[in-house]
Amino acid sequence: MELLYFAVAFACGFSVYQLKLPPLIGFLLAGFVLNLLGHSSTDLLTQLADLGVTLLLFSIGLKLKVSNLVKPQVWAPASLHLVTSIAFFASLLLMLGAFGLPLFVDLSWQSACLVGFAFSFSSTVFAVKVLEERGEMASLHGKISIGILVMQDIFAVIFLAISTGKSPNIWALALLIGLPLLRPMLFWVLNRSKHGELLPLFGFFFALVLGYHGFELAGLKGDLGALIIGMIFAPHKKAGELSKALLNVKDILLVGFFLNIGLNANISLEAVLIAVLLAIVLPVKVFIYYLYTNMFRLRARTSLLSAFTLSNYSEFGLIVCAVAASSGMITTDWLAVVALAVSVTFVLATPLNKKANEIYVKLEPLLVKFESDKRLEEELPVNLTDTRIVIFGMGRIGTGAYETIHASHPGAVAGVDIKPEVVEKHISLERRVLLADATDPDFWQRVNHSNVDMVMLAMPKHMQNIYALEQLKASGFSGQVTAIANYPDQQKELEDLGVHSTYNFYLEAGSGFAEHVKEKLFS
C-alpha cells in the first residue's frame with residue numbers, strides 16, 4: 001500500500017513541479033486524493049513520517065546556535081506573537097460561536113484559547129523546506145525564522161508536559177549532567193566516522209537513539225531531544241557535512257509526512273469551509289509576525305521575509321488538538337479543520353515565498369518608513385570602495401578564486417558571504433570578506449559598485465545565484481558576470497539570463513585536476 005501512496009505522491013509532485021511550484025504541494029494533494037478515494041494512513045507511513053520529522057529537527061539543530069535563541073529579536077517576537085495570536089484566534093472563535101455557527105458554538109473560552117494556541121504555531125517542516133530550496137538557511141531572516149520556530153517548539157513541549165501529566169523523571173537529570181560530559185567523546189566518534197556511509201548512520205543513531213528515544217525515556221518529548229542533540233554537534237567542523245549526508249533521506253521520509261496530513265483528515269464540507277475561513281484571516285497572523293520582528297531593529301525586508309516564511313499553520317497544531325480532543329475539551333472534528341487549514345496555508349504560502357523579493361520591492365516605499373533608525377550589526381551598509389572583482393559565496397570555490405586573483409592583483413578583490421562565522425574565519429586569515437546577502441534588494445541599493453568590473457557568483461545553491469543575478473541586473477550593473485553551476489541545464493538558464501560565462505563545477509574540477517597532473521608529470 002505504501003508503494004501505491006509514494007507512486008501517487010510522485011505523480012502529483014511531478015505534475016505540480018512542471019507548473020514551477022514546489023513538489024510538496026503535490027505531495028499534499030496526493031494525500032487528499034487518496035483520502036477521497038477511501039484510503040487512510042498506515043502504521044508504516046506514520047513511522048516514516050515521524051522519522052522524517054525527527055531527522056529534520058536533528059538537521060535544524062546542526063545549524064543552530066544557542067546564542068541565536070537568546071537574542072531579543074528571536075525570543076521576544078516569539079513570545080509576544082504567541083500571546084497576541086492566542087488572544088486574536090480565541091476572540092474570533094468565540095465571536096463566531098456567538099452567531100451559533102457549528103463547531104464554534106460548543107467552544108468555551110478555555111477551549112477557544114486552546115485552539116488559538118494550536119493556530120499560533122507555524123510549520124517547522126514547511127519553513128525549513130522553503131529556506132533550503134532558496135539557500136537561505138544561513139540568512140538573517142532564515143535564522144530569525146528558525147529561532148522563532150524553536151521557541152514555539154519549546155512552548156509546545158511545556159504545554160504537552162502539563163496537559164498530558166507527563167513529567168521528567170530521574171533520567172532527565174542524568175541527561176542534563178551527562179550530555180556536556182559526553183560531548184568530547186561524541187565529537188571524537190564523529191571525527192572517526194570520516195566521510196562514507198558511516199556518517200549518515202552516525203546521524204541516524206544519535207538523532208533517533210540518544211536523541212528521540214533517550215529523551216522519551218527521560219519523560220521529555222523525543223523530537224526536542226533530536227533537536228538538542230543536533231545543537232550539541234553544531235559547533236563541530238563536520239556538522240555541515242553531516243547535515244548534507246542526511247539531506248536526501250530526510251527529504252524522502254518527509255514525503256510521508258505530507259501524505260499523512262491529507263490521509264488523516266476527516267474531510268467534510270463544514271471542515272473545508274472553516275479551514276478556508278481560517279486561511280482568510282492568516283494575513284493577520286503574518287502581520288503580527290512582521291510587527292513584532294520590526295520592533296526589534298530588523299530591517300523591513302528581514303521582517304517581511306521572516307513573516308512570509310512563517311505564513312502558515314503548523315502540523316504541531318494537530319498534536320495540540322489531539323491532546324485536547326482526548327481530554328474532551330474539543331470535538332475530533334477540529335482535527336480535520338486543522339489538517340485542512342495547514343494544507344491550505346501550505347499551498348498559499350508557497351507562491352508567496354517564491355515571490356517574496358518581488359513583493360518586498362513593491363512594498364518597500366511604505367515599509368521603510370517604519371524601520372528603526374538603528375541597525376543590527378548584521379545589517380550595516382557594505383563598502384566596496386576600490387574593489388574591481390567581487391566574489392559572492394566564500395566557500396571552497398569562492399575561496400580558491402579569491403586566493404588565485406589576490407596573488408596577482410592584491411587589493412583588487414573582495415568576497416561576500418551570508419554566514420557570519422565564515423566571514424569571521426576569512427577575516428582572521430586577513431582576507432577582505434564582507435557580511436551581506438546577495439539576494440537582498442536593499443544590499444544593492446546600499447552599495448556603490450561603479451568601480452567593480454566583474455562579479456563572480458559562487459554561491460552553493462543555484463537559486464541563490466539566480467536571485468543575486470536578478471538583483472544585480474536591476475541595480476544597473478554593466479560589468480562582466482560569471483557564475484558556477486552543477487548541471488548543463490543550470491548553465492543554460494544562467495546564460496539565458498545574461499551571464500557572460502558559466503563554469504560547470506564538476507567538469508571544471510576534473511579539468512583542473514588534469515592540468516595539475518600534466519604540470520607535475522611533464523614539468
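Just the heavy atoms: all of them, side chains too, but no hydrogens, waters or symmetry mates, feed the values below. Residue numbers count from 1 along this sequence. What you are looking at is a predicted structure, and each value in this text was computed from that prediction instead of being measured.
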Quick check on Lys419: does its NZ atom have over 12 non-hydrogen neighbours (other residues, nucleotides or ligands) under 6.0 Å away?
no

Find the distance between OG (Ser120) and CD1 (Ile86) and round it off to the nearest 0.5 Å.
5.0 Å

Can you check whether Phe308 reaches Val130 side chain to side chain, under 4.5 Å on heavy atoms?
no

Can you say whether the rings of Phe206 and Phe202 are parallel (under 30°), tilted (30 to 60°) or perpendicular (over 60°)?
tilted

Give me the atom names and distance for the closest heavy-atom approach of Leu107 to Leu94.
O-CD2, 3.9 Å

Going through the checks in order, is the side-chain contact (heavy atoms from CB on, under 4.5 Å) test met by Thr345 and Ser311?
CA-CA 7 Å; Thr345 56; Ser311 60; over 6 Å; no

Check whether any side-chain heavy atom of Ile148 lies under 4.5 Å from a side-chain heavy atom of Met151, and answer yes or no.
no

Are the side chains of Ser314 and Val342 in touch, meaning some heavy atoms are under 4.5 Å apart?
no

Apply side-chain hydrogen bond (donor to acceptor under 3.5 Å, both in side chains) to residues His236 and Asn191 and explain how you reach the verdict.
CA-CA 9 Å; His236 197 281; Asn191 278 325; 3.0 Å; yes

Straight-line distance of Leu457 CG to Asn465 CG, nearest 0.5 Å
5.0 Å

Are Leu304 and Thr293 packed together at the side-chain level, in the sense that at least one heavy-atom pair is separated by less than 4.5 angstrom?
no

What are the two closest heavy atoms between Ala234 and Gly61, and how far apart are they?
CB-O, 3.4 Å

Where do Gly256 and Leu45 come nearest, in terms of heavy atoms and distance?
CA-CD1, 3.8 Å

d(Leu253 CG, Asn248 CG) to nearest 0.5 Å is 11.0 Å

Counting only heavy atoms not in Leu181, do more than 12 sit closer than 6.0 Å to its CG atom?
yes

At their closest point, which heavy atom of Asp417 faces which heavy atom of Gly395, and how far apart are they?
OD2-N, 4.3 Å

Go through the structure and list residues passing salt bridge (Lys or Arg N to Asp or Glu O under 4.0 Å) with Lys250, not counting sequence neighbours.
Glu132

Find the distance between CG (Asp251) and CG (Leu246) and round it off to the nearest 0.5 Å.
10.5 Å

Report yes if the distance between the aromatic ring centroids of Phe6 and Phe10 is under 6.0 Å, otherwise no.
no

d(Thr84 OG1, Ile288 CD1) to nearest 0.5 Å is 5.5 Å

Begin from the C-alpha positions of Leu199 and Lys194 and carry the test side-chain contact (heavy atoms from CB on, under 4.5 Å) through to its verdict.
CA-CA 7 Å; Leu199 189 62; Lys194 298 299 181 181; over 6 Å; no

Would you call Glu358-Lys355 a salt bridge at under 4.0 Å N-O?
yes

Minimum-distance pair of heavy atoms, taken over all atoms of Ile274 and Pro102
CD1-O, 4.2 Å

Quick one: list whatever passes side chain to side chain donor-acceptor pair (under 3.5 Å) with Tyr289, sequence neighbours left out.
Ser122, Gln152

What I'd like to find out is whether the side chain of Phe27 reaches to under 4.5 Å of the side chain of Pro23, using heavy atoms alone.
yes

Is it true that a side-chain atom of Glu216 and a backbone atom of Gly222 form a donor plus acceptor pair closer than 3.5 Å?
yes

Take atom CD in Glu421; do more than 12 heavy atoms of anything else shown fall under 6.0 Å from it?
yes

Quick check against the 3.5 Å criterion: does Ser243 have a side-chain atom that pairs as donor or acceptor with the backbone of Ala239?
no

If you define the side chain from C-beta out and look only at heavy atoms, does anything of Tyr467 sit under 4.5 Å from Glu470?
yes

Give a yes or no on whether Leu37 atom CG has more than 12 heavy-atom contacts from other residues, nucleotides or ligands under 6.0 Å away.
yes

Compare all side-chain heavy atoms of Tyr212 with those of Asp50 and state whether any distance is below 4.5 angstrom.
no

Other residues, nucleotides, ligands: >12 heavy atoms within 6.0 Å of Asp489 CG
yes

side-chain contact (heavy atoms from CB on, under 4.5 Å) between Tyr313 and Lys285, worked out
CA-CA 9 Å; Tyr313 297 124; Lys285 180 178 178 178; 3.7 Å; yes

May I ask you to decide if Lys461's main-chain N or O and Gln464's side chain share a donor-acceptor pair within less than 3.5 Å?
yes

Just by modelled atom types, is the Leu217 backbone N or O under 3.5 Å from a matching donor or acceptor in the Trp171 side chain?
no

Quick one: sort the Phe187 and Phe233 rings into parallel, tilted or perpendicular, breaks at 30° and 60°.
parallel

Close side-chain approach of Ser303 to Tyr292, heavy-atom, < 4.5 Å
no

Rounded distance [0.5 Å steps], CG in Leu310 versus CZ in Phe126:
10.0 Å

Is there a side-chain contact (heavy atoms from CB on, under 4.5 Å) between Asn486 and His462 once you walk through the steps?
CA-CA 8 Å; Asn486 293 333; His462 177 62; over 6 Å; no

Using modelled atom types and a 3.5 Å cut-off, is there a donor and acceptor pairing between side-chain atoms of Asn35 and backbone atoms of Gly31?
no

Taking every heavy atom of Ser123 against every heavy atom of Asn312, the minimum-distance pair comes out as N-OD1, 2.7 Å

Could you go through the side-chain hydrogen bond (donor to acceptor under 3.5 Å, both in side chains) check for Ser306 and Thr309 one step at a time?
CA-CA 5 Å; Ser306 297; Thr309 303; over 6 Å; no

Sub-3.5 Å donor-acceptor pair from the side chain of Ser145 to the main-chain atoms of His141, do we have one?
yes

